[in-house]
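Order of listing sets the numbers, starting from 1, for every ligand and every atom in it. Nothing fancy with the numbering, it's 1 onward along the sequence.
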Amino acid sequence: MKCLLISLQSNAYVTGLKYISANLLANGHDANILLLPGYLEKKLAPAIEDFIQDYKPDLIGIGLMSIEFYPAKNLTKLLHEKFQIPVIWGGVHAIISPDECMKYADFVCTGEGERAVVSLLDHLKDKGKDIAPEIPNILTRKNRSAKEPLKAPPESDLDSLPFQEYLPDYFYGFHKNKIYNFKKNPGLFRRYALYGGTCHMMITTRGCPFNCGYCANAYLSTVYGRKVRERSVENCMEELMNVKKDPYVLYINFEDDCFFTHNREWMSKFAEAYKKHINLPFIVRVIPTMLDREALRTLRKAGLSMVVMGIQSGSDRVNFDVFQRRISFSSVKMAAGIISESGAAPFYEMIVDNPYETEDDEIETINAISRLKRPYIISLAHLTFFPGAPLTERAIKDNIADPDAYLFRYLVKIDTTYLNKLLGITPFIPKALMRYLNKPEASRHHIHILLVNFFNFITKRFVEPVVFLFIMTRALNYNPIWLIRTVLGNWRSAFSKLISNYLGKGDMEYDKKLASAKKDMPELFEK
Ligand code: B12
């Protein structure tokens with residue numbers, strides 16, 4: 001049986017779909033992945049129609065995060081008009097909002113999809129599509145009303161799942177009205193992949209030990225439990241040795257919510273094997289209170305080049321009371337010190353545009369951030385009220401959030417307020433200047449606004465890229481060849497980010513498509 005897995009994301013990092021397709025192949029089925037970046041057209045393009053007619057899938061799967069809801073709804077309607085093929089939705093949004101998704105799809109996957117999709121294809125083969133399946137994690141119109149829809153326990157043995165490839169030969173992309181095989185057109189793949197395709201995105205754990213109020217994990221942990229499940233070092237190495245064969249892979253980007261949930265024993269075994277077999281620079285994410293100096297040193301020796309750490313706010317009130325994230329700024333400062341001392345490039349993430357934050361909180365955040373050891377890079381994300389997050393429920397109750405806003409706005413699109421701009425430039429300007437500019441609106445003059453705008457312009461275009469290059473060069477132990485390869489591999493995405501003020505090109509294009517779809521297809525946006 002054949003399954004076509006479609007992603008509507010603007011980029012080609014489709015970890016979930018790669019896992020599902022690998023498992024389908026291992027179980028005797030066939031799979032293709034098709035990237036339709038932000039597809040929101042009134043009609044199915046002839047190339048897509050031909051592709052489906054040629055491949056003749058028995059099942060079409062659409063993977064979606066919440067922001068891809070409208071493209072998924074539209075595409076499903078177009079597919080149903082042309083073909084008699086059942087459509088299943090899966091991914092984070094399907095898990096969080098299964099009832100809403102069930103209005104449009106024939107099946108909804110309410111958890112991990114690897115085994116569920118294999119069972120569904122087996123069912124379609126044996127019993128056909130007119131008999132409703134009874135499969136754990138698969139919601140149908142029939143069993144939707146059941147009190148206890150069948151749930152599969154979270155996958156306990158992650159090593160038993162075939163892992164994802166960097167670029168499978170059955171991965172296709174829709175570009176300028178044609179469909180291309182990415183493996184045969186690697187240049188095109190790299191255009192759609194983040195960071196020019198220089199990173200392999202890898203996940204060694206599933207789950208997060210925290211339950212922050214703004215994060216989908218707070219909901220996902222009710223489905224998967226609080227326990228963080230991990231892969232063995234051997235299993236991770238097998239995936240990486242395969243990935244390393246591709247000369248374009250320069251970095252491994254570990255997307256685990258917190259790489260430091262692994263214990264020291266796992267870490268040292270990993271570091272040893274990684275250095276021996278892989279030896280590529282790599283990136284990890286960490287939650288400040290989980291950072292372990294010893295483990296960090298061990299990873300650093302194995303090639304760790306960048307540590308991404310969520311700080312979110314510099315105000316303890318906001319972190320504790322609003323975000324339900326019990327991490328004080330003193331812990332953040334300590335963790336930042338350890339990262340700097342290790343020589344890895346520090347990359348800190350903040351959440352802004354928070355309606356529960358006062359001007360005093362924002363001023364406190366800027367002051368706090370300025371106390372972190374330089375040099376470092378910060379990235380600001382717009383607080384998006386995604387469905388399923390406890391803070392979203394609170395904000396809707398408090399009438400403070402538009403419950404549909406997440407459908408139209410990317411995290412990277414932040415408000416261009418005075419204090420957001422000042423926060424963004426704080427790591428790069430003299431502290432005395434920061435103190436002079438860090439004022440409440442009531443005491444600001446034209447000169448403050450002028451200076452913030454001026455430094456924002458200069459910093460974003462010239463200073464920040466130079467600091468970024470410097471911390472990466474240092475993290476790569478001043479290896480010039482690696483630096484040149486990084487710059488060459490990333491120049492296109494870096495350039496496009498600079499021009500479009502840090503909003504990815506794909507996201508900008510999606511914004512435009514969404515705006516014109518609202519005009520041309522108002523019925524799509526009706527509830
Ligand atoms: C890696 C990652 C990315 C990567 C790759 C995403 C990907 N599709 O693989 C990148 C960097 C591209 C990314 C981008 C964004 N991300 Co992200 N990302 C993650 C992260 C950290 C891990 C995802 C992952 O690989 N999980 C491991 C795989 C195995 O699990 P999975 O993807 O859930 O897939 C399983 C099931 O969901 C299901 N499944 C998935 N797809 C399908 C399809 C079918 C047909 C079926 C049947 C089943 C099925 O089966 C899979 C295997 O078991 C998660 C956090 C998390 N813990 O989930 C956030 C997360 C998914 N991202 C999130 C967000 C918000 C974004 C952005 C929108 C942020 C932004 N820039 O504004 C962008 C999307 C931009 C775009 N449209 O292109 C949110 C989503 C919230 C929501 N309600 O939608 C999450 C949950 C983070 C969070 N904590 O809130 N992200």
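Taking the six-membered ring where tryptophan is involved, the planes of Phe254 and Phe282 are perpendicular, since the angle between them exceeds 60° and thus also 30°.
The distance between the ring centers of His175 and Tyr192 falls below 6.0 angstrom. When ring centroids are compared, Phe347 and Tyr376 stay outside the 6.0 Å threshold. For Phe171 and Phe182, the ring centers are positioned less than 6.0 Å apart.
For a threshold of 3.5 Å applied to N or O pairs, the pair formed by Tyr19 and ligand 1 contains no separation below that value. The shortest N/O to N/O separation between Ala216 and ligand 1 falls below 3.5 Å.
Annotation for ligand 1: atoms under 4.0 Å from non-hydrogen atoms of Cys215 are 88 (C), 89 (N), 90 (O). Of all the atoms in ligand 1, the ones that sit under 4.0 Å from a non-hydrogen atom of Gly111 are 36 (C), 38 (C). Numbered from 1 in the order shown, with element, the atoms of ligand 1 that lie under 4.0 Å from a heavy atom of Glu112 read 50 (O), 53 (O). Close contacts between ligand 1 and Gly61 involve ligand atoms 45 (C) [criterion: under 4.0 Å to a heavy atom]. Near Glu114, with a cut-off below 4.0 Å to any heavy atom, the atoms of ligand 1 are 52 (C), 53 (O). Taking every non-hydrogen atom of Val117 and a distance limit under 4.0 Å, the qualifying atoms of ligand 1 come out as 47 (C). Each of the following atoms of ligand 1 lies closer than 4.0 Å to a heavy atom of Leu194: 11 (C), 12 (C). Remark: ligand 1 atoms within the under-4.0 Å shell around heavy atoms of Asp257 are 55 (C), 57 (N).
If you look at Leu8 next to ligand 1, there are no close heavy atoms at all, none under 4.0 Å. With a 4.0 Å cut-off on non-hydrogen atoms, Glu68 touches ligand 1 through its side chain and not its backbone. Heavy atoms of Ile62 found under 4.0 angstrom from ligand 1 belong exclusively to the backbone. Residue contacts with ligand 1 for Leu17 involve side-chain atoms from C-beta outward but no N, CA, C or O (heavy atoms, distance under 4.0 Å). In Thr15, the parts holding a heavy atom less than 4.0 Å from any atom of ligand 1 are both the side chain and the backbone. Of the heavy atoms in Cys109, only side-chain atoms (C-beta onward) come closer than 4.0 Å to ligand 1.
Summarising the local packing, OH of Tyr248 is surrounded by 12 or fewer heavy atoms from other residues, nucleotides or ligands at distances under 6.0 Å. Counting non-hydrogen atoms of other residues, nucleotides and ligands closer than 6.0 Å to CD of Gln84 gives a total of 12 or fewer.
Between Asn137 and Phe107 the shortest side-chain heavy-atom distance does not fall below 4.5 Å. Annotation: side chain of Leu24 is not in contact with side chain of Asp30 (no heavy-atom distance under 4.5 Å).
Heavy-atom separations between Arg206 and ligand 1 include at least one value shorter than 4.0 Å. The shortest separation from a heavy atom of Pro37 to ligand 1 is not under 4.0 Å, leaving the residue out of contact. Ligand 1 is never approached by His93 to a heavy-atom distance shorter than 4.0 Å.
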Using the rule given for side chain to side chain contact (heavy atoms under 4.5 Å, CB included), can you reason through Phe408 versus Lys518, listing the C-alpha separation, both sets of side-chain angles and the distance that settles it, and then say yes or no?
CA-CA 11 Å; Phe408 299 99; Lys518 266 184 117 175; 3.9 Å; yes

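When the options Arg115, His382, Glu255 are ranked by their closest heavy atom to atom 1 (C) of ligand 1, first place goes to Glu255. With atom 67 (C) of ligand 1 as the reference point, the heavy atom nearest to it among Gln9, Met65, Met201 is part of Met65. In the candidate list Ala193, Gly310, Gly90, Ala389, Gly90 is nearest to atom 42 (C) of ligand 1, counting heavy atoms. Of the candidates Gly91, Gly113, Pro154, the one placing a heavy atom closest to atom 49 (C) of ligand 1 is Gly91.
The distance from atom CD of Glu134 to atom OG1 of Thr140, rounded to the nearest 0.5 Å, is 7.0 Å. Atoms CD and CD1, from Gln312 and Ile351 in turn, are 4.0 Å apart once rounded to the nearest 0.5 Å.
For Lys183 and Tyr172, the positive end is not near the middle of the six-membered ring at less than 6.0 Å and at most 45° from its axis.
With respect to the salt-bridge test (charged N to carboxylate O, under 4.0 angstrom), the residues Glu114 and Arg206 qualify. Salt-bridge check for Arg285 with Glu349: failed, with every basic side-chain N at 4.0 Å or more from each acidic carboxylate O.
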